[in-house]
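Only one structure is covered here, and it is reproduced in the block below.
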Amino acid sequence: MKRIYITLLCALAVVPALAMASCSESPEQTAAKADSTSSKSGILSTLISSATSGSTLTNIVEDVIGKNKMTAESLIGTWNYAEPGVAFTSESLLATAGGEVAATTCKDKLASCYSQLGITASNTSFTFKDDGTFSAKIKGTKCSGKYTFDEDSQTITLKILINITGYTKKDAAGMSLLFDESKILTILQTLGKVSGSSAISAITSLASNYDGLQVGFDLSKDSSDTTVDDATTDSE
């Protein structure tokens, strides 16, 4: 009973103080405080809404593959291998802080596999022409064929004896050419003539451990190639 009584006394003491503080404020101060409260409430509401909406996860996925877009013009030219390419399309993984750590881990493991296979910047490249044809070297083994590229979905299909569909991803250093596990193995085994290697088994094992893993090549534009610059100048 004492606790209830003390609580009531405290409450009665606080109410006049609040009333006095309110009365001492000018109408302008009161309005400004109300606007500030409303603004903060609106920002908080927006953040909560964004964090819980499915579209946020979708945007994260699009940022990995397809948000930073290549164009048909910027694709034209010769692209040399720089390092392994890795990206995820799994919403559950991208939504966690471990997403970047997993990507780094996968890239390091893939780099070891590519090194064992003998893939280097000097023997692995892709050249895309504006007539819809391409040529490539995978570990020095040459191949050529046709290709199609969809700017909206960022999908690219290499047409040789079979169709191999992957994704492009634009970045500051150039672009990534990415494929799921079965497609990258087809490229390495069919185009690169690699078979029976422990590195191939390691790539298969790596892909099976991560949902939505896309692997391939981070590529840099050949320094002597000015195709994109010329195309950009003409379009302007």
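Position 1 is the first residue of the sequence, and the numbers go up from there.
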[Y] and [X], any side-chain heavy atoms less than 4.5 Å apart:
{"X": "Gln214", "Y": "Asp180", "result": "yes"}
{"X": "Leu177", "Y": "Thr168", "result": "yes"}
{"X": "Lys183", "Y": "Ile187", "result": "no"}
{"X": "Gln116", "Y": "Ser112", "result": "yes"}
{"X": "Thr190", "Y": "Leu161", "result": "no"}
{"X": "Tyr81", "Y": "Tyr114", "result": "yes"}
{"X": "Thr204", "Y": "Glu181", "result": "yes"}
{"X": "Cys106", "Y": "Val215", "result": "no"}

Rounded to the nearest 0.5 angstrom, the CD1-NZ distance for Ile203 and Lys109 is 12.5 Å
Value for CD1 (Ile184) from CD1 (Ile164), rounded to nearest 0.5 Å, stands at 9.0 Å
Inset, instruction - Give a yes or no on whether the backbone of Ala111 and the side-chain of Ser115 come within a donor-acceptor separation of less than 3.5 Å. - result: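 Answer holds: no.
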Which atom of [X] lies closest to which atom of [Y], heavy atoms considered:
{"X": "Met175", "Y": "Leu75", "value": "CE-CD1, 3.6 Å"}
{"X": "Asn80", "Y": "Thr78", "value": "OD1-CG2, 4.0 Å"}
{"X": "Ile200", "Y": "Gln189", "value": "CG2-NE2, 3.6 Å"}
{"X": "Gly166", "Y": "Phe179", "value": "CA-CD2, 3.5 Å"}
{"X": "Trp79", "Y": "Met70", "value": "CZ2-CE, 4.0 Å"}
{"X": "Phe217", "Y": "Ile119", "value": "CE2-CD1, 4.4 Å"}

- Message: For Lys193 and Lys139: C-alpha separation, side-chain torsions, deciding distance, then whether side chain to side chain contact (heavy atoms under 4.5 Å, CB included) applies.
- Response: CA-CA 9 Å; Lys193 307 299 182 184; Lys139 207 187 72 169; over 6 Å; no
Assess the residue pair Tyr210 and Thr105 against the criterion (side chain to side chain contact (heavy atoms under 4.5 Å, CB included)); give the C-alpha distance rounded to whole Å, side-chain angles, the decisive distance to 0.1 Å, and a yes or no.
CA-CA 11 Å; Tyr210 296 95; Thr105 299; 4.2 Å; yes
For Tyr147 and Phe134, take the angle between the two ring planes, folded into 0 to 90°, and tell me which bin it lands in: parallel under 30, tilted 30 to 60, perpendicular over 60.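 If you compare the ring of Tyr147 with that of Phe134, the planes turn out perpendicular.
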Quiz item: Within a reach of under 6.0 Å around NZ of Lys129, are more than 12 heavy atoms found that belong to other residues, nucleotides or ligands?
Solution: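 Count not over threshold, so no.
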*Just wondering, more than 12 heavy atoms not from Ile162 lying within 6.0 Å of its CD1?*
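Result for CD1/Ile162: enclosed.
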Practice task
May I have the step-by-step check of side chain to side chain contact (heavy atoms under 4.5 Å, CB included) for Phe126 and Ile138, ending in yes or no?
Solution key: CA-CA 9 Å; Phe126 293 83; Ile138 306 296; 3.6 Å; yes
task = Kindly say whether the aromatic ring centers of Phe149 and Phe128 come within a distance under 6.0 Å.
result = no
May I have the step-by-step check of salt bridge (Lys or Arg N to Asp or Glu O under 4.0 Å) for Lys69 and Glu151, ending in yes or no?
CA-CA 7 Å; Lys69 292 187 174 184; Glu151 289 188 1; over 6 Å; no
